[in-house]
Amino acid sequence: MAIAATISVPLTSPIRRRNSLTLTGSSSSSSTIQLSFPKYNIAGLCPRFRISASAASSSMSTQAPQKVSTAPTSFLDRREAGFLHFVKYHGLGNDFILVDNRDSSEPRVTPEQAVKLCDRNFGIGADGVIFAMPGIDGTDYTMRIFNSDGSEPEMCGNGVRCFARFIAELENLNGRHSFTVHTGAGLIVPEILEDGKVRVDMGEPILKGSDVPTKLPANKDQSVVKSELDVDGVTWHVTCVSMGNPHCVTFGAKGGQNLQVDELDLAKIGPSFEHHEMFPARTNTEFVQVFSRLHLKMRVWERGAGATLACGTGACATVVAAVLEGHAERNCTVDLPGGPLQIEWREEDNHIYMTGPAEVVFYGSVPL
Ligand SMILES: N[C@H](CCC[C@H](N)C(=O)O)C(=O)O
């Protein structure tokens, strides 16, 4: 029975870094799977025990615990050829496969492979694959991302929070909690906070319609605010904002009252927005309900990923649109299906700051 993957699940322990349980297997008629707890001298705490399985009997049995080896091997240091070692992270349920690509500026995974890896039935399952790469033009790192459809967006807000936590696992930051990241949206600066959340300077929003890009008619200041967009016979009011990637934000249809976002069938209307002719690079679309001037609720249909549980760049675009349309203040809580993000569009520097969590789900390896 061939074990196609290796998984390691983080364990809670006083030691924070790289403690995990590793389940490894081999392809043979009968496989011996070793559960090992690498890296720490935890003999006696977590005894190694064997599970043996055989294709014929397809039964699993466990044997008595043995003294654990204390050889320091960390999952993140593994480099076996023919395997992709990754860490699965999520930011409010917007989940990503993170790949240590610091030794090359070429992604270790092709867009076609990313589609397979992101498949939630035949692959690992994720909204995208994110690569940690060498910096460019003096930045500490570069982040690239493939969506689950294989397209490459300029930026990913939840992804960059996961990226920051990944880097902190991979490297000793020598007490630094912040570093610079080159992205398709330009310079992004994440900062890891005491509570483990990540605060990201997402840069300035792009409001010039032709730079979003959108073909919708622009106002005198070149922005597209509360414009009319016909989607499948319904006229929506939309405000278009780029965070490096395009966003179409709506607070409802023309003549409609406060949008009840939970009543929307995103799978039905999302693709019509995403592929609308007014968006030559496609678009992410945010549907927003206003609770107060400090509290918004948003659901998103993402370009290249569909309905996700959260969208960081989308939450930033949402607050910008809400301020421009007069619905909200510049510092808001945005509730997403996966949880809340704190977004501030700071007047002093015109930058947008996003604060939210990023968490490890598991460590894994797959044959490539
Ligand atoms: N699907 C998006 C990229 C990921 C954005 C989202 N996951 C975020 O957190 O910002 C796009 O094609 O622009």
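Whatever order the structure lists ligands and atoms in, that order sets their numbers, starting from 1.
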task: Report the part of T313 (side chain from C-beta onward, or backbone N, CA, C, O) that has a heavy atom under 4.0 Å from ligand 1; answer both or neither where that applies.
output: both
task: Taking atom CG of D137 as the centre, report whether more than 12 heavy atoms of other residues, nucleotides or ligands fall under 6.0 Å from it.
output: no
query: Counting each atom of ligand 1 from 1 as listed, which ones have a heavy atom of N94 under 4.0 Å away?
result: 6 (C), 7 (N), 9 (O)
statement: ligand 1 atoms nearer than 4.0 angstrom to some heavy atom of N158 are 8 (C), 9 (O)
task: Classify the angle between the aromatic ring planes of F83 and H85 as parallel (below 30°), tilted (30 to 60°) or perpendicular (above 60°).
output: parallel
- prompt: V361 versus V87: any side-chain heavy-atom pair under 4.5 Å?
  reply: no
statement: With heavy atoms and a 4.0 Å threshold, my read on which part of R282 contacts ligand 1 is neither
For atom 4 (C) of ligand 1, closest protein heavy-atom neighbour: E302 OE1, 3.3 Å
- prompt: Of all the heavy atoms in C311, does at least one lie under 4.0 Å from an atom in ligand 1?
  reply: yes
query: Heavy-atom contacts under 4.0 Å between N245 and ligand 1: side chain, backbone, both, or neither?
result: side chain
- prompt: In ligand 1, which numbered atoms sit nearer than 4.0 Å to a non-hydrogen atom of G157?
  reply: 8 (C), 9 (O), 10 (O)
query: Does an N or O anywhere in N147 fall below 3.5 Å from an N or O of ligand 1?
result: yes
- prompt: Among protein heavy atoms, which lies nearest atom 9 (O) of ligand 1, and at what distance?
  reply: G312 N, 2.8 Å
message: Using the rule given for side-chain hydrogen bond (donor to acceptor under 3.5 Å, both in side chains), can you reason through N245 versus E154, listing the C-alpha separation, both sets of side-chain angles and the distance that settles it, and then say yes or no?
response: CA-CA 6 Å; N245 57 348; E154 303 81 352; 5.3 Å; no
query: What is the ring orientation for H327 with F251, classed by angle as parallel under 30°, tilted 30 to 60°, or perpendicular over 60°?
result: tilted
- prompt: Under 4.5 Å between any side-chain heavy atoms of Y89 and F163, yes or no?
  reply: no
query: Under 3.5 Å, is there a donor-acceptor pair linking the side chains of D127 and S148?
result: no
query: Regarding Q342 and N331, is there a side-chain donor-to-acceptor distance under 3.5 Å anywhere?
result: yes
query: Is ligand 1 less than 4.0 angstrom away from at least one heavy atom of M243?
result: no
- prompt: Taking heavy atoms and a distance under 4.0 Å, where does N284 meet ligand 1: side chain, backbone, both or neither?
  reply: side chain
